[in-house]
Participant: 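Next up is a structure, given as structure tokens.
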Amino acid sequence: MLDIRLIRAEPEKVKEALAKRREDPALIDELLSIDEERRKRQTEMESLRAEQNKLGPQIAVAKKSGGDASEILERSSALKAQFQQTEEIVRSLDARQEAILFKLPNLPHDTVQAGGEEDATIIRPWPYDPRVFGFTPKPHWEIAESLRMIDFERGVKLSGGGFVLYSGLGARLERALINFMLDLHTLKHGYREVGVPYVLNRDSMTASGHIVKFTPEMYHDSEDDLFLLPTAEPALVNIHRDELMDPNPLPLKYVAYTPCWRREAGAAGKDTRGLQRIHQFDKVEIFRFVAPESSYEALEEMTHEVCKTLELLQLPYRILQLAAGDISFASAKTYDVEVWSPGIGKWLEVSSASNCTDFQARRGNIRFRRETNAKPEFPHLLNASGTALPRVVAALLETHQQEDGSVTIPEALRPHLGGLEKLTA
RNA sequence: GGAGAGAUGGCUGAGUGGUCGAAAGCGGCGGUUUGCUAAACCGUUGUAGGCGUUAAACCCUACCUCGGGUUCGAAUCCCGAUCUCUCCGCCA
């Protein structure tokens, strides 16, 4: 949620920022006129109430002394009627204002370029030469099937298209990667591991900005109005929802492994082969609550932590800075990290690191104090995948495949596989 | 799933339909005393909105889980929801 005071103070700046995201700036004018009227009516309402409040003790005194209070009672009743009338107006203005505020996305940072998906810029290429193959590298689904690691057909049988059955070394590799990533972020990067619920209620999804209008992307249980996580991010955002943290608790750093579910509505047939786009996938998510002045520094650090993960797995990657029109609803600045998948000859997105500034903190009423009795402030919230597994598995199989059909396991991963050096049939 | 009990400030815990943002204690902060620490004593200590300010203060309004209702007036009475606890049932 944007700060209404900021919108009041610098409407033109806000409009420009929204335009950069390809949002309609006309909403701001509407918002401002509602806001002005609302405040006027609110002042009116409050002074009526104040006047009525003053009569209260007079009635009490009059009644106690056995006097006639009927005239005061009448005046009080009249004030009440006026009050109620004004209150109704204020209430509807409030609701309209809030509805607009909740629909407005975060403002992109000054360093974020205008444009859409096609306007992303590559800001850091892989620092080493990609592997040169002496043979034609196979796509990961062929490798995974011949090593009996992933059973695509049975996944479909169990749940439908877009679901897979990990088996044998496939299941074990998945588990090893989860442990590798959790260990890296907890032991080396200082995150606290948390195990979160895999379904969240509507309030939580609203605070994180995952529910705006329609939500065709999430699996939803209508019986209990619960949503399956599309990512661990909303769960982590809501850990401190409606809390006033005291004193100086920041930075807070959390890491969580969770499965993630995405309906991928509207994406049918698009890059769906193998592990590129599946409805349920494993992911390790890193998350921070930080003081406002250090959030952009934190974003760079988190991006480095993501890269570290890929470097240890010896996977070539690149970093993209997304354009304003392509960043998520709550984000002010986002980097995507992509790994190279030589078998299919594509860059695959395995992480997205975002600085959501105070946007989610406002929606979720998450506040902190720098010291006892200091004024409450909104922290900045950041999230990054560290990383999403299926595409990492795809890139890993394709990158480290050998001509004999086996796959060499990167050094860093071996301790998590009982010292295994190679995946073989 | 069934039955009952409860929800008050950072915490514990009072509270009569009227002057209650709410006693008291603890904690926090500031101070006095003290060689230091502790103790003691004094003071202070919620959040949000509106207005205002360089920044404050002052002022007004709201908030005793949440949402409705009764009333001139609700922490207090009524209804609903949520959550917590206890008992029963079921169960990994």
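First the proteins, then the strands, lettered A, B, ... as listed; each starts at 1. Keep in mind that this is a model prediction, so the values were computed, not measured.
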Participant: Base, sugar-phosphate, or nothing: which does Arg8(A) touch, judged by heavy atoms less than 4.0 Å apart?
Facilitator: sugar-phosphate
Participant: Kindly check if the number of other-residue, nucleotide or ligand heavy atoms within 6.0 Å of NZ (Lys15(A)) is above 12?
Facilitator: yes
Participant: Would you measure the distance from the P atom in G89(B) across to the matching atom in A48(B) and give it in whole Å?
Facilitator: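 These two P atoms come out 48 Å apart once rounded.
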Participant: Both distances below 3.5 Å, Watson-Crick or wobble geometry, any strand: find the nucleotide opposite G80(B).
Facilitator: C66(B)
Participant: Could you tell me how far apart Arg39(A) (CZ) and A48(B) (C1') are, to the nearest whole angstrom?
Facilitator: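 Answer to the nearest Å: 16 Å.
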Participant: Counting any heavy atom closer than 4.0 Å, what does Arg5(A) reach on the DNA or RNA strands: base, sugar-phosphate only, or nothing?
Facilitator: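 The residue Arg5(A) makes sugar-phosphate contact but no base contact.
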Participant: Need the pair for U19(B). Rule: Watson-Crick or G-U wobble, both distances under 3.5 Å, any strand; none if unpaired.
Facilitator: none
Participant: Given G46(B), G49(B), C72(B), which nucleotide is nearest the side-chain atoms of Arg38(A)?
Facilitator: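 Of the candidates, G49(B) comes closest.
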Participant: Taking only residues at least two apart or on different chains, which pairs with a member in residues 185-195 of chain A satisfy salt bridge (Lys or Arg N to Asp or Glu O under 4.0 Å)?
Facilitator: none
Participant: Does the protein touch nucleotides 54-71 of chain B at the base, only the backbone, or not at all? Give it as B, S and - per nucleotide, heavy atoms under 4.0 Å.
Facilitator: ------BSS-----S--B
Participant: If we call it a pair only when both distances are under 3.5 Å in a Watson-Crick or G-U wobble match, what pairs with G25(B)?
Facilitator: C11(B)
Participant: Testing the 3.5 Å rule here: is there a donor-acceptor pair between the side chains of Glu233(A) and Gln360(A)?
Facilitator: yes
Participant: Taking the P atom of each, how far is C26(B) from C79(B), in whole Å?
Facilitator: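 One P to the other, the span is 39 Å.
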Participant: Suppose we screen for side-chain contact (heavy atoms from CB on, under 4.5 Å). Which residues come up paired with Asn53(A), at least two apart in sequence or across chains?
Facilitator: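 Asn53(A) satisfies side-chain contact (heavy atoms from CB on, under 4.5 Å) with Arg49(A) once adjacent residues are dropped.
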Participant: Counting only Watson-Crick pairs (N1-N3 plus N6-O4 or O6-N4) and G-U wobbles (N1-O2, O6-N3), all under 3.5 Å, who is the partner of C51(B)?
Facilitator: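 Per the H-bond distance test, none.
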Participant: Between G49(B) atom P and Met1(A) atom CE, what is the distance in whole Å?
Facilitator: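 It works out to 10 Å between those atoms.
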Participant: Rounded to the nearest Å, what distance is computed from the CG atom of residue Asp224(A) to the C1' atom of nucleotide G1(B)?
Facilitator: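 The distance from CG of Asp224(A) to C1' of G1(B) comes to 14 Å, rounded to the nearest Å.
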Participant: In whole Å, I'd like the distance from the CG atom of Asp35(A) to the P atom of G49(B).
Facilitator: 12 Å
Participant: For nucleotides U8(B) and A23(B), find the distance between their C1' atoms and express it as a whole number of Å.
Facilitator: 12 Å
Participant: Measuring only the C1' atom in each nucleotide, how far is G35(B) from C42(B)? A whole number of Å is fine.
Facilitator: 23 Å
Participant: Protein within reach of the bases, or only the backbone? For nucleotides 78-83 of chain B, mark each nucleotide 5' to 3' as B, S or -, using heavy atoms under 4.0 Å.
Facilitator: ------
Participant: Rounded to the nearest Å, what distance is computed from the CD atom of residue Gln52(A) to the C1' atom of nucleotide G18(B)?
Facilitator: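 It works out to 13 Å between those atoms.
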Participant: Say we look at G15(B) and U53(B): how far apart would their P atoms be, to the nearest angstrom?
Facilitator: 46 Å
Participant: Suppose you measure atom P in A5(B) against the same atom in U19(B); what distance do you get, rounded to whole Å?
Facilitator: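 To the nearest whole Å, 30 Å.
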Participant: Return each pair, listed once, that meets ring-ring contact (aromatic ring centres under 6.0 Å, His included) where at least one residue sits in residues 221-243 of chain A; pairs must be two or more places apart or across chains.
Facilitator: His220(A)-Phe227(A), His240(A)-Tyr254(A), His240(A)-Phe289(A)
Participant: In the strands shown, is C87(B) matched to any nucleotide by a Watson-Crick or G-U wobble pair with both distances under 3.5 Å, and which?
Facilitator: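 The base-pairing partner of C87(B), which may sit in any strand shown, is G2(B).
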Participant: Considering only residues two or more places apart or on different chains, which pairs with a residue in residues 158-187 of chain A satisfy salt bridge (Lys or Arg N to Asp or Glu O under 4.0 Å)?
Facilitator: none
Participant: Can you list the residues that meet the salt bridge (Lys or Arg N to Asp or Glu O under 4.0 Å) rule with Arg363(A), with sequence neighbours excluded?
Facilitator: none
Participant: In whole Å, what is the span from the CZ atom of Arg367(A) to the C1' atom of U47(B)?
Facilitator: 6 Å
Participant: Could you tell me the Watson-Crick or G-U partner of A57(B), where both distances fall under 3.5 Å? Say none if there is no partner.
Facilitator: none
Participant: Identify, with sequence neighbours excluded, every residue that meets side-chain contact (heavy atoms from CB on, under 4.5 Å) alongside Glu411(A).
Facilitator: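 For Glu411(A), the residues satisfying side-chain contact (heavy atoms from CB on, under 4.5 Å) (neighbours in sequence not counted) are Arg414(A).
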Participant: Taking the six-membered ring for Trp and the single ring otherwise, decide whether the centroids of Tyr191(A) and Phe287(A) are under 6.0 Å apart.
Facilitator: no
Participant: Please determine, for G30(B), whether a Watson-Crick or G-U wobble partner exists with both distances under 3.5 Å, and give it or none.
Facilitator: C42(B)
Participant: Expressed as a whole number of Å, how far does the C1' atom of U65(B) sit from that of C60(B)?
Facilitator: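 Here U65(B) and C60(B) have their C1' atoms 27 Å from each other.
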Participant: Give the rounded distance in Å between these two atoms: CD1 of Ile4(A) and C1' of A48(B).
Facilitator: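 Whole-Å distance recorded here is 15 Å.
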Participant: If I pick the P atom on G6(B) and the same atom on G28(B), what distance separates them, to the nearest angstrom?
Facilitator: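 Comparing P positions in G28(B) and G6(B) gives a spacing of 33 Å.
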Participant: What closest approach, in Å, do Leu147(A) and Ala425(A) show between heavy atoms, and which atom pair accounts for it?
Facilitator: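 So the two residues come closest at CD2-N, 3.4 Å.
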Participant: Hunt down the Watson-Crick or G-U wobble partner of A74(B), both distances under 3.5 Å, from any strand shown, or write none.
Facilitator: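 Its partner is none (no Watson-Crick or G-U wobble pair with both distances under 3.5 Å).
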Participant: Find the distance Met245(A):CE to G10(B):P and express it as a whole number of Å.
Facilitator: 15 Å
Participant: Can you pull out every salt bridge (Lys or Arg N to Asp or Glu O under 4.0 Å) where at least one residue sits in residues 377-388 of chain A? Sequence neighbours excluded, please.
Facilitator: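 Applying salt bridge (Lys or Arg N to Asp or Glu O under 4.0 Å) to every pair that reaches into residues 377-388 of chain A, excluding sequence neighbours, yields Arg370(A)-Glu377(A).
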